[in-house]
2 protein chains.
Amino acid sequence: MEKEILVQKLREKGYKVTPQRRAILEVLLQSKQPPKALEVLVNVRKNFPDISLDTVYRNLNMLTELGVANVINLRGGEASRFELERGQHHHHLVCLKCGIAICLDFCPMDDRDVAAAEKHGFVLAGHVVELYGYCSRCG
Amino acid sequence: MEKEILVQKLREKGYKVTPQRRAILEVLLQSKQPPKALEVLVNVRKNFPDISLDTVYRNLNMLTELGVANVINLRGGEASRFELERGQHHHHLVCLKCGIAICLDFCPMDDRDVAAAEKHGFVLAGHVVELYGYCSRCG
DNA sequence: CTATATGCAAATGCTTTGCAAATCC
DNA sequence: GGATTTGCAAAGCATTTGCATATAG
């Protein structure tokens with residue numbers, strides 16, 4: 001999605017368009033792989049030295065609630081990664097050593113999830129699928 | 001697995017069998033659903049009031065490294081759940097409100113994970129699949 | 001005995017929150 | 001001008017760690 005479309009979306013929802021928000025969107029758009037909050041901070045600070053980490057978190061959360069961004073939960077206490085929603089359901093291949101996350105183009109889920117949810121009286125809300133391994137660099 | 005078999009396993013690996021360890025195994029064995037570390041603590045304290053949370057964590061981690069237990073990572077910062085390894089690959093259905101986790105008897109993964117890993121030069125180590133939803137109690 | 005395990009307290013890392021000052025519309 | 005955002009500082013969780021003491025084998 002283009003940056004101005006995203007900006008427009010925020011405005012429509014009644015959010016103010018601050019330079020910090022623009023800068024965060026910019027970083028998300030330019031990142032080759034979904035960055036962690038701290039990585040967003042570091043990159044935003046190159047152009048916007050005074051932004052704070054909590055502002056980054058607040059905005060990443062806001063974008064997520066808006067459905068504009070997704071969270072990739074890593075294992076244990078590791079910091080989550082954030083990616084702009086691409087409008088296409090997908091999952092990730094994550095390196096256990098360096099944490100790099102690669103988008104996959106398939107979802108392994110079939111009807112059995114619906115059946116299982118029904119069987120246990122659950123209303124299904126979604127699912128998480130993450131493949132873990134070691135990338136070529138981390139061997 | 002029976003408790004004494006587990007105890008035996010620890011001994012074989014050179015770990016000492018302390019009353020705390022026995023109590024933790026007991027709680028894991030008796031839990032209807034995979035407990036969080038804090039839940040383990042509360043339950044162990046019923047019979048063993050002086051155990052500390054860090055001992056619980058240390059032992060849950062030890063059991064996990066040993067392959068005797070598995071960790072179920074919940075979303076965001078939510079505390080992980082621990083279950084004894086049942087020797088059978090499976091996944092979970094987790095309630096987003098109360099956090100209850102139900103073991104499922106299927107794995108949706110097919111060969112595409114291997115293909116994807118290969119394509120990106122990854123050595124596959126495993127995967128996480130969790131279905132999320134709301135249980136009948138939480139609506 | 002001696003290495004391992006425990007309890008305590010404090011530290012860590014990620015993320016959130018309260019509040020006064022700044023700023024977008 | 002008025003509500004929303006920001007930065008700061010501090011708090012909140014889950015989890016880990018250092019260290020002196022206790023304990024299993």
Side-chain angles (χ1 to χ4, degrees), chain A residues 4 6-25 27 34-42 44-45 47-66 69-82 99 101, chain B residues 4 6-25 27 34-42 44-45 47-66 68-82 94 99 101:
Chain A
E4 288 314 316
L6 291 170
V7 167
Q8 194 49 42
K9 209 166 211 168
L10 293 193
R11 241 191 275 273
E12 280 169 20
K13 299 281 181 176
Y15 291 102
K16 292 182 177 171
V17 179
T18 63
Q20 287 91 332
R21 283 187 175 152
R22 281 184 183 281
I24 289 169
L25 286 175
V27 168
K36 302 181 177 189
L38 199 61
E39 292 168 356
V40 173
L41 181 76
V42 169
V44 167
R45 278 194 171 160
N47 299 312
F48 204 101
D50 286 340
I51 197 172
S52 63
L53 183 56
D54 41 277
T55 294
V56 170
Y57 270 110
R58 271 190 282 240
N59 282 302
L60 290 173
N61 288 340
M62 180 268 277
L63 292 171
T64 303
E65 277 160 32
L66 243 176
N70 294 321
V71 187
I72 307 174
N73 292 296
L74 303 189
R75 279 193 159 155
E78 226 181 315
S80 303
R81 293 185 174 281
F82 296 82
Chain B
E4 288 314 314
L6 292 171
V7 167
Q8 194 48 42
K9 210 166 209 168
L10 293 193
R11 241 192 276 273
E12 279 169 21
K13 299 281 181 178
Y15 292 101
K16 293 181 179 174
V17 179
T18 64
Q20 288 92 331
R21 282 186 177 154
R22 280 183 183 281
I24 290 170
L25 286 175
V27 166
K36 302 182 177 187
L38 200 60
E39 294 168 353
V40 173
L41 181 75
V42 169
V44 167
R45 279 194 171 161
N47 298 312
F48 205 101
D50 286 342
I51 196 173
S52 63
L53 183 56
D54 42 276
T55 294
V56 171
Y57 270 111
R58 270 190 280 237
N59 282 300
L60 290 174
N61 288 340
M62 181 267 279
L63 292 172
T64 302
E65 277 161 33
L66 244 175
V68 168
N70 294 320
V71 187
I72 306 174
N73 292 297
L74 303 189
R75 277 191 164 157
E78 226 180 315
S80 303
R81 294 185 173 280
F82 296 82
V94 180

Interatomic distance where [atom1] belongs to [X] and [atom2] belongs to [N] [whole Å]:
X	N	atom1	atom2	result
R81(B)	dA14(D)	CZ	P	12 Å
R22(A)	dT6(D)	CZ	C1'	17 Å
K13(B)	dT4(C)	NZ	P	16 Å
N59(A)	dT4(D)	CG	C1'	11 Å
L60(A)	dC14(C)	CG	C1'	13 Å
L41(A)	dC14(C)	CG	C1'	13 Å
I24(A)	dT5(D)	CD1	P	12 Å
D50(A)	dT6(D)	CG	P	13 Å

Can you tell me if [X] touches the phosphate of [N], counting only side-chain N or O atoms and a distance under 4.0 Å to OP1 or OP2?
X	N	result
R58(B)	dT6(C)	no
R21(A)	dC24(C)	no
N61(B)	dT16(D)	yes
Q20(A)	dG7(D)	yes
S80(B)	dA14(D)	no
T18(B)	dT4(C)	no
Y57(B)	dT16(D)	no
T55(B)	dG7(C)	yes

TODO: Have a look at D54(A) and say if it touches a base, only the backbone sugar-phosphate, or nothing, with a 4.0 Å heavy-atom cut-off.
DONE: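 Base contact.
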Open item on the list: Considering every strand and a 4.0 Å limit on heavy-atom distances, what is the contact class for L53(B): base, sugar-phosphate, or nothing?
Closed with: base
Got a second to check how far [X]'s [atom1] is from [Y]'s [atom2], nearest 0.5 Å?
X	Y	atom1	atom2	result
N59(B)	I24(B)	CG	CD1	4.0 Å
R22(A)	N47(A)	CZ	CG	13.5 Å
L41(A)	T55(A)	CG	OG1	9.5 Å
T18(B)	I51(B)	OG1	CD1	7.5 Å

Open item on the list: Which nucleotide wins on minimum distance to the side chain of A37(A), given the candidates dA5(C), dT15(C), dT17(D)?
Closed with: dT15(C)
TODO: Let me know, please, whether G14(A) or R11(B) comes out on the 5' side of the other along DNA chain D by nearest nucleotide.
DONE: G14(A)
Task: First encountered from the 5' end of DNA chain D, between E78(B) and V17(B) - done: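 Per heavy-atom nearest nucleotide, the more 5' residue is E78(B).
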Open item on the list: Once hydrogens and angles are ignored, does a donor-acceptor distance under 3.5 Å link the base of dA3(C) to the side chain of K16(B)?
Closed with: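 When only heavy-atom distances are counted, K16(B) does reach the base of dA3(C) through a donor-acceptor pair under 3.5 Å.
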Open item on the list: Treating R21(B) as the side-chain partner and K16(B) as the backbone partner, does any N or O pair qualify as donor plus acceptor under 3.5 Å?
Closed with: yes
Open item on the list: Between R81(A) (side chain only) and P34(A) (backbone N and O only), is there a donor and an acceptor less than 3.5 Å apart?
Closed with: yes
